[in-house]
Amino acid sequence: MGISLPTACQSNTRAGHARGPRVHIEAATDTDDRTHEIRLGVFRSNTRTHHKKQKPTPDQIREAAGIGLLA
């Protein structure tokens, strides 16, 4: 899930939820101080789809569920 899950956590902390339209863009900075634009709505949709197909690891599922991505 790379930088997208921490970005979703950041959005969840700020807004109180991790929902948003597919076009919502959240800025995130990686460990090398590079800025990335993460489309959180697309990430959420893809996470839910992959969860249904049982592709994520149990740890990824636990983290995503913890911030409401799978709700």
Inset, instruction - List in chain and number order the residues that pass side chain to side chain contact (heavy atoms under 4.5 Å, CB included) with R22, two or more places apart in sequence or in another chain; answer none if no residue qualifies. - result: V42, S45

Inset, instruction - Mind checking the CD1-CD spacing from I25 to E37? Nearest 0.5 Å is all I need. - result: 5.0 Å

Legend entry - Atom pair CD (E63) and OG1 (T57), whose distance is rounded to the nearest 0.5 Å: 7.5 Å

Legend entry - Partner residues of D33 under the salt bridge (charged side-chain N to carboxylate O under 4.0 Å, His left out) criterion, sequence neighbours left out: none

Inset, instruction - Kindly write out the residues that satisfy salt bridge (charged side-chain N to carboxylate O under 4.0 Å, His left out) with E26, not counting sequence neighbours, or none if the list is empty. - result: R14

Legend entry - Rounded distance [0.5 Å steps], OG1 in T29 versus CZ in R34: 11.0 Å

Legend entry - Heavy-atom closest contact (I38 atom, A28 atom, distance): CG1-CB, 4.3 Å

